[in-house]
Amino acid sequence: MFSIIKQQLFRRFRESETKQHKLSYLFWECTTRCNLSCLHCGSDCSQNSSHTDMSAGDFLKALDTIKNPAPGFTVVLTGGEPLLRTDIEACGREIRKRDMRWSMVTNGILYTKERHISLLNAGMGALTISLDGLEKSHNWLRNTSAGFNRVVDAIGLAAGSQRLNFDVVTCVNQRNFGELAQIRELLIEKGVKAWRLFTIIPIGRAANNRELLLNNAQFVQLMDFIAESRKSQAIDVKFSCEGFVGKYEPKVRDSFFFCRAGINIGSILIDGSISACPNIDRSLAQGNIYTDNFYETWETKFQPFRNRSWTKTGKCASCSNYADCQGNGLHNWHGDKSQVLVCHNQKIENGLKIRI
Amino acid sequence: MKQLKSKRNWARKIIGGLSFTSALFIFQACYGTPQDFETDLLIEGKVKAQATGLPIKGIRVSVTDEGQDLMTDETGSFSFYTIAKDSISLRFEDTDDAQNGSFATKDTVLTDFSKPIFLDIALAEK
Ligand code: SF4
Ligand code: SF4
């Protein structure tokens, strides 16, 4: 009974958040150059990206259109691999001058002690590093022979900082599925406080690689693993925001499913496109910083993000969970958008049937 | 308009508070990082030679128990962010031998964070 009331209240909360659409989290795809060639990469980056890095000046000009940034407003530097840029610290300092925070997602390869210190000096406040398994499975997914040791060193550095809001993300797949408990132990041993797990949607390089995707029974096991891990205080384990997980709401996260793309999350992509999470189909871009005022675009456009009724199609059209799921995370809509790419809830229902 | 906004903010807090905790207002996207609500401080300043008043390049400025450090630039200036604490211990050290002169190490403890921090540090010659 209490959980039904909570869920109802949460729907109201989500509605009010959508109406207000306070921008508090801004991705900046500052480069699409990368020093790895991961098997699951969903972006069109490569070691020699066809895009040149966006200049700090162009980005800052767009940032300066934001009036009254929300408390804790964070610019999240992403790529490609942001650390391939040598001006990250200078960009970070400029962001801080504007009374905003900044953070970065990295594959950890270039995260040396010297860089760690210079990033902290430049006011970096949060960091996410990807660790995709124990040595063999991490290196397999990351398509590198020496990645694991470097990443583990980087994790040690970041976990040792009192300043950083730091977490590790793991992309769960067939190869590392059996290692999750060991990865959790490794992270605890390294002093990591938070661990986020996500699964891969079948786009980009992942579309044709079955080893990257979990079957239904495994997906249920993953939910159980997270729910169980959350009972311990040793490390804060959670499932990413990627989808509505039915019976496991809200046991695998701190709160119910809420895709905040275009509601609180915006982005400036490598070509200047204005959108939300970088993994969202690029056809949903709402403007471009080279032709539009960024903040005006945020305030006046983004209708497909704030009114999700267009996702009531395909299997979502007659779904009894639509009120809570609203067509799942927006990054699950690609191509002609006639069908949601992944329904996490369906995976769970089917997985539970197999178990019975 | 202002009234409407503040009403909405209250609704946000009440509904949010009833249905969950502050976790509701803290989020991260799949490929993103956690948000940053930590309190930190910007510490800036300039290091000069006590005798001449000239700026000293290459002095190592470090936060004693944070493992954070940086070097002063051509103008003797330094600027860095560090986590806010009741007190912050800083060390100014000449680590480049006689290259930019030889100066004695100086330690400072900061306890007043009520105003922007700009430190004028004078180092005695060795
Ligand atoms: S069918 Fe669509 S709305 Fe229903 S749970 Fe699946 S993704 Fe969500
Ligand atoms: S689009 Fe995907 S990654 Fe972005 S907030 Fe929604 S669910 Fe999360």
Side-chain angles (χ1 to χ4, degrees), chain A residues 5-10 12-13 16-17 19-20 24-25 27 42 71-72 74 76 78 93 96 101-105 117-118 120-128 160-167 169 194 196 198 240-242 250 253-256 258 260-261 264-265 276-279 329 331, chain B residues 1-2 4-45 60-73 77-85 88 90 116:
Chain A
I5 297 170
K6 261 186 163 181
Q7 197 138 22
Q8 292 291 340
L9 280 168
F10 191 80
R12 295 288 301 276
F13 170 74
S16 123
E17 289 292 278
K19 246 184 220 152
Q20 290 192 63
S24 40
Y25 197 95
F27 280 104
T74 306
V76 183
T78 182
R93 284 180 185 271
R96 294 299 308 260
R101 301 299 182 110
W102 72 279
S103 64
M104 189 180 64
V105 182
I117 292 172
S118 71
L120 285 176
N121 287 344
M124 178 172 76
L127 180 75
T128 292
S161 162
Q162 292 184 55
R163 167 66 186 91
L164 286 180
N165 288 291
F166 169 59
D167 76 351
V169 285
R196 206 159 18 113
F198 70 96
S240 77
C241 61
E242 69 188 63
R253 303 185 195 97
D254 298 340
S255 117
F256 289 111
F258 182 6
R260 295 182 186 254
N264 308 103
I265 302 172
C277 307
N279 49 348
H331 70 269
Chain B
M1 186 64 189
K2 225 177 176 178
L4 185 73
K5 270 213 167 142
S6 82
K7 227 170 142 186
R8 274 199 196 143
N9 276 337
W10 273 107
R12 187 178 188 226
K13 278 182 191 146
I14 291 167
I15 300 173
L18 281 175
S19 55
F20 264 93
T21 60
S22 60
L24 273 186
F25 303 105
I26 303 169
F27 57 87
Q28 59 200 121
C30 297
Y31 294 99
T33 68
Q35 277 181 290
D36 176 27
F37 290 102
E38 197 66 65
T39 319
D40 65 359
L41 294 163
L42 173 63
I43 299 178
E44 295 182 290
R60 178 170 178 260
V61 184
S62 56
V63 189
T64 314
D65 45 2
E66 276 302 304
Q68 244 181 296
D69 64 1
L70 78 167
M71 295 291 182
T72 55
D73 66 14
S77 303
F78 62 90
S79 159
F80 65 95
Y81 290 85
T82 194
I83 191 164
K85 288 183 180 168
I88 296 175
L90 298 179

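Keep in mind it's a predicted model, so treat the numbers as computed, not measured. A, B, ... follow the sequence lines: proteins, then strands. Residue 1 opens every chain.
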Self-check item: A:Ser103-B:Thr33 side chain donor-acceptor pair, cut-off 3.5 Å
Solution: yes
Quiz prompt | Contacting region of A:Pro278 [heavy-atom separation from chain B under 4.5 Å] | solution = neither
Quiz item: Most heavy-atom pairs under 4.5 angstrom with chain B, which of A:Phe166, A:Tyr25, A:Phe27?
Solution: A:Tyr25
Self-check item: Largest heavy-atom contact set with chain B, pairs under 4.5 Å, which of A:Arg196, A:Gln162, A:His331
Solution: A:Arg196
Quiz item: Do you know which of A:Asp167, A:Asn121, A:Leu120 has the most heavy-atom pairs under 4.5 Å to chain B?
Solution: A:Asn121
Practice problem: Please state whether the side chain, the backbone, both or neither of A:Cys241 comes within less than 4.5 Å of a heavy atom of chain B. | Solution: both
Quiz item: For the residue pair B:Gly32 and A:Val76, what are the closest heavy atoms and their distance?
Solution: CA-CG1, 4.2 Å
Quiz item: Do A:Ser161 and B:Gln68 have side-chain heavy atoms sitting under 4.5 Å apart?
Solution: no
Exercise. Taking all non-hydrogen atoms of both residues into account, name the closest pair between A:Ser24 and B:Gln35 and its distance.
Key: O-NE2, 3.6 Å
Self-check item: Residues B:Thr82, A:Arg163; criterion side-chain contact (heavy atoms from CB on, under 4.5 Å); working and verdict
Solution: CA-CA 7 Å; B:Thr82 194; A:Arg163 167 66 186 91; over 6 Å; no
Quiz item: Given the options A:Ile265, A:Ile117, A:Asn165, A:Val169, which has more heavy-atom pairs under 4.5 Å with chain B than any of the others?
Solution: A:Asn165
Exercise. Measure A:Arg96 against the heavy atoms of chain B and call it side chain, backbone, both or neither at under 4.5 Å.
Key: both
Quiz item: Among A:Ser118, A:Ala122, A:Gly125, who wins on heavy-atom pairs under 4.5 Å with chain B?
Solution: A:Gly125
Quiz item: Is chain B contacted by the side chain of A:Val105, its backbone, both, or neither, given a heavy-atom distance below 4.5 Å?
Solution: both
Quiz item: What heavy-atom pair brings B:Thr39 and A:Arg101 nearest, and what distance separates the two atoms?
Solution: CA-NH2, 4.5 Å
Quiz item: Which bit of A:Thr74 is near chain B, if near means a heavy-atom gap under 4.5 Å: side chain, backbone, both or neither?
Solution: side chain
